[in-house]
Amino acid sequence: MLEVTDKVIFQVGSLNMGEVKSLAREGKELGVKTIASYAPYYFTGLPKSLIVRYFKEICGEHDEVYLYNYPSAVGKDVDAETVKEIGCLKGVKDTNDSINHSLQYKRVNPGMKVFNGADTLVMTSIATGLDGTVSAAANFVPEVLVEIRRKVSEGKVGEAMKLQFMVDELVSLAKGYGYIPSIYVLVKGIRGYDVGNPRPPLFPLGDVERKELLDKAIKIMEKYNKNEA
């Protein structure tokens with residue numbers, strides 16, 4: 001682990017500021033390249049000033065801090081203007097279905113690294129000039145995302161769009177069974193890696209659901225591969 005820490009983004013987060021800062025310091029001591037954190041969850045109605053202070057405190061413990069903006073999970077949106085006020089963040093993963101929301105970080109905070117985290121916006125993120133995408137689908141179809149990037153760079157937007165549609169169908173299918181448990185099944189079934197099971201309350205899928213999910217996913221991939229041939 002220690003020999004690759006310069007390639008790692010270490011996610012820290014807690015409802016205890018002391019724990020967050022301790023984790024950030026530990027990451028720095030281990031040579032971790034980047035620390036990332038989301039806004040404090042659970043506590044509703046936090047004024048912007050306290051969210052700004054939260055991230056400034058983390059910046060005091062590490063040289064490179066990213067925001068993990070995930071409004072639907074933590075109940076708070078740390079938008080581009082708030083990031084500007086924080087002033088010390090080097091990048092953001094914006095898990096948001098609005099590409100305009102992600103682009104605003106670039107407009108308001110020039111030089112900031114910006115990644116969109118929506119599976120359905122892989123092609124759009126690349127085509128609009130964001131620094132990249134962080135997609136859960138990359139766990140089970142990484143070569144498809146690489147191909148989307150390649151086709152966009154070659155100006156073959158129509159072909160990239162077809163691949164995006166395949167990702168969209170796979171993600172929609174998986175969400176019907178519970179997205180995170182489904183990722184474990186798809187990684188094993190498509191990539192051949194057994195990464196175990198998710199921890200409860202994200203309970204693993206049953207045998208029937210596993211087979212059904214994988215069979216449907218393979219049919220989706222075969223349909224698009226046939227069209228590409």
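Note: hydrogens, waters and symmetry copies are ignored here, and every other heavy atom, side chains too, is used.
Of the charged side-chain nitrogens involved, none lies within less than 4.0 Å of a carboxylate oxygen, so that E154 and K151 do not count as a salt-bridged pair. Between K33 and D6 there is no salt bridge, since no side-chain nitrogen of the basic residue lies less than 4.0 Å from a carboxylate oxygen of the acidic one. Between E169 and K219 no salt bridge is recorded (no basic side-chain N to carboxylate O distance below 4.0 Å). The pair D215-K211 meets the salt-bridge criterion, since a charged nitrogen lies less than 4.0 angstrom from a carboxylate oxygen.
Remark: side-chain polar atoms of N96 are not paired, donor with acceptor, to backbone N or O of N116 under 3.5 angstrom. Remark: the backbone N or O of G206 is paired with a side-chain donor or acceptor of E209 at under 3.5 angstrom.
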Q. Hey, mind stepping through K84 and E81 against salt bridge (Lys or Arg N to Asp or Glu O under 4.0 Å) and telling me if it holds?
A. CA-CA 5 Å; K84 183 177 181 180; E81 294 293 343; 5.2 Å; no
Q.
With side-chain hydrogen bond (donor to acceptor under 3.5 Å, both in side chains) as the criterion, how do N69 and Y105 come out once you've worked through the C-alpha distance, each side chain's angles and the decisive distance to 0.1 Å?
A. CA-CA 11 Å; N69 191 53; Y105 290 109; 3.2 Å; yes
Q. Please walk me through it: do T82 and D79 pass side-chain contact (heavy atoms from CB on, under 4.5 Å)?
A. CA-CA 5 Å; T82 304; D79 61 15; 2.8 Å; yes
**Q.** side-chain contact (heavy atoms from CB on, under 4.5 Å) between V144 and V122, worked out
**A.** CA-CA 10 Å; V144 176; V122 172; over 6 Å; no
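None of D168, L173, V167 except one satisfies the side-chain contact (heavy atoms from CB on, under 4.5 Å) rule with I220; the exception is L173.
Using a 4.5 Å heavy-atom threshold, the side chains of Y184 and N139 count as separate. Residues Y54 and S37 meet the side-chain proximity criterion, which asks for heavy atoms closer than 4.5 Å. F140 has its side chain out of reach of M221: every pair of non-hydrogen atoms, C-beta onward, lies at least 4.5 Å apart.
In this structure, the salt bridge (Lys or Arg N to Asp or Glu O under 4.0 Å) partners of R25, at least two apart in sequence or on a different chain, are E61.
Of all heavy-atom pairs between F55 and C88, the closest is O-SG, 4.1 Å. Considering every non-hydrogen atom in both L145 and S135, the closest pair reads CD2-CB, 3.5 Å. Closest of all the heavy-atom pairs between Y66 and V92 is CD2-N, 3.9 Å. Listed here is the closest heavy atom pair of A24 and H62: O-CD2, 3.8 Å. In plain terms, the two heavy atoms of V114 and S102 that are nearest each other are CG1-O, 3.5 Å. Of all the heavy atoms in M123 and V152, the pair that sits closest is CG-CG2, 3.8 Å.
We find the CD1-CD distance between I126 and Q164 to be 8.5 Å, quoted to the nearest 0.5 Å. For the atom pair OG (S49) and NZ (K56), the distance works out to 10.5 Å, reported to the nearest 0.5 Å.
Environment of CD1 in I180: sparse, with no more than 12 heavy atoms of neighbouring residues, nucleotides or ligands closer than 6.0 Å. For K106, the NZ atom is densely surrounded, since the number of other residues' heavy atoms within 6.0 Å is greater than 12.
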